Amino acid sequence: MKDLVALVTGSSRGIGKSIVIELAKVGINVVINYNKNESKALELENYIKKNYDVSVLSIKCDVSKEEEVINMVNTITDNFGKIDILVNNAGICNDSTFFDKSVKNFKRIIDVNLIGTYLCSKYVGQIMKKNKQGKIVNISSSNAIDSYYPESLDYDVSKAGVISLTHNMAVEFAPYINVNCICPGWIKTDMNKDLSIDQIEKEKSKILLNRFGSALEIAKVVVFLVSSKASYINDSIIKVDGGRYNG
Ligand SMILES: NC(=O)c1ccc[n+]([C@@H]2O[C@H](COP(=O)([O-])OP(=O)(O)OC[C@H]3O[C@@H](n4cnc5c(N)ncnc54)[C@H](OP(=O)(O)O)[C@@H]3O)[C@@H](O)[C@H]2O)c1
């Protein structure tokens, strides 16, 4: 997969970081995107430089801000001339009880998770459409399909929006660009670091594999989806959740 260029949004930590490493492992040039965690992004950039024979670049960009997304995409094309792979991974959550949710926080979650996915797809998609090639992977959540938590309803609806966006993008970008969506279940990252042991045990009991997943187990599916092995997979919503049910 030499000479390919991938942008992974929200890749200073967690699932995005693992995706960057797995893409670099198979020889894909990678762009790390972060919003706040510059030191973690630079740490990852150095790790990639030391360990893999690919080009790497880190860019600060809040994916919910259109001007910042335009600047990020321009910086990538100035450096690499193209973008072949986009992984819309940046995401936030902010759990609280149903009645405590503020409109401000609700909108912020929609802005980052849904509008951010749209904006990156809009500006990267233009380049892919012109080049008549590309792969886009959106990271949604199994919370968007069949596991509902009123505490995270703002997050859940933003991720349901990402599924609808995926279907619409697959139509818009046909026939040259594959657009797919991964819906992870519980994955061990900072996003879940505040769960109590009791909550973890309760959630594990609803997973057929009886454990949380790792960031690597999501990253491997991304690498598969952007490879030639997945050339006929398009407009698909793929749950990677160990078999989770809302029992
Ligand atoms: N962990 C799970 O159980 C789970 C389950 C289902 C789906 N997901 C989804 O998987 C994706 C990654 O989650 P994670 O668990 O790896 O989360 P995480 O560990 O909290 O990492 C989130 C990443 O997103 C970046 N980010 C946040 N806001 C951003 C913004 N406005 N613009 C650009 N980047 C931004 C963060 O960068 P900075 O630190 O630099 O701000 C960080 O790199 C998210 O979309 C999440 O919803 C996670």
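Since the structure is predicted, the reported quantities are computational estimates derived from the model, not experimental observations. Atoms within each ligand, like the ligands themselves, are counted from 1 in listed order.
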Just wondering, are more than 12 heavy atoms of other shown residues or ligands nearer than 6.0 Å to [atom1] in [X]?
X	atom1	answer
Ile197	CD1	no
Lys60	NZ	yes
Tyr118	OH	no
Lys220	NZ	no

For [atom], find the nearest protein heavy atom and state the residue, atom name and distance (0.1 Å precision).
atom	answer
atom 33 (C) of ligand 1	Cys61 O, 3.3 Å
atom 46 (C) of ligand 1	Tyr155 OH, 3.5 Å
atom 6 (C) of ligand 1	Pro184 O, 3.3 Å
atom 5 (C) of ligand 1	Gly185 O, 2.9 Å
atom 17 (O) of ligand 1	Met191 CE, 3.8 Å
atom 16 (O) of ligand 1	Ile15 N, 2.8 Å
atom 24 (O) of ligand 1	Gly10 CA, 3.5 Å
atom 43 (O) of ligand 1	Ser12 OG, 2.8 Å

Atoms of ligand 1 less than 4.0 Å from [X] heavy atoms?
X	result
Asn33	33 (C), 34 (N)
Ser11	43 (O)
Trp186	3 (O)
Ile92	27 (C), 28 (N)
Asn89	10 (O), 11 (C), 12 (C), 44 (C), 45 (O)
Tyr34	40 (O)
Lys159	44 (C), 45 (O), 46 (C), 47 (O)
Arg108	31 (N)

Taking both backbone and side-chain atoms of [X], is any N or O found less than 3.5 Å from an N or O belonging to ligand 1?
X	value
Asn35	yes
Ile187	yes
Thr189	yes
Val63	yes
Gly16	no

Considering Arg13, Lys188, Lys40 one by one, which has a heavy atom nearer to atom 42 (C) of ligand 1 than any of the others?
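When every heavy atom of Arg13, Lys188, Lys40 is considered, Arg13 comes closest to atom 42 (C) of ligand 1.
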Can you check which of Ala144, Ala90, Ala41 brings a heavy atom nearest to atom 26 (N) of ligand 1?
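Answer by nearest heavy atom: Ala90.
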Using distance alone, with no hydrogens and no angle criterion, decide if Asn138 and Thr117 have a side-chain donor and acceptor under 3.5 Å apart.
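Not at all, the side chains of Asn138 and Thr117 share no donor-acceptor pair under 3.5 Å.
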With distance as the sole criterion, is a donor-acceptor pair present between the side chains of Ser12 and Asn37 under 3.5 Å?
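Ser12 vs Asn37: no donor-acceptor pair found between side chains.
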Between Glu203 and Lys206, does any side-chain N to carboxylate O distance fall below 4.0 Å?
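Salt bridge: yes.
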Decide yes or no for Lys135 and Asp84: does some side-chain heavy atom of the first lie under 4.5 Å from some side-chain heavy atom of the second?
no
Is there side-chain contact between Ile136 and Met128, with at least one heavy-atom pair below 4.5 Å?
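SC-SC contact between Ile136 and Met128 confirmed.
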[X] near ligand 1, heavy-atom distance under 4.0 Å?
X	value
Ala215	no
Asp62	yes
Phe212	no
Ser140	yes

Set of residues satisfying side-chain hydrogen bond (donor to acceptor under 3.5 Å, both in side chains) with respect to Ser121, sequence neighbours excluded
Asn88
Counting distance only, does the side-chain N/O of [X] pair as donor-acceptor with the main-chain N or O of [Y] below 3.5 Å?
X	Y	value
Asn143	Tyr148	no
Thr9	Ala90	yes
Lys159	Ile139	yes
Thr189	Met191	yes

For Asn113, which part has a heavy atom under 4.0 Å from ligand 1: side chain, backbone, both, or neither?
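Neither part.
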My understanding is that only residues two or more places apart in sequence, or in another chain, count here; which of them pass side chain to side chain contact (heavy atoms under 4.5 Å, CB included) with Asp241?
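Checked Asp241 against side chain to side chain contact (heavy atoms under 4.5 Å, CB included); matches are Ser142, Lys239, Arg244.
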Aromatic ring pairing Trp186/Tyr149, orientation class (parallel under 30°, perpendicular over 60°, tilted between):
perpendicular
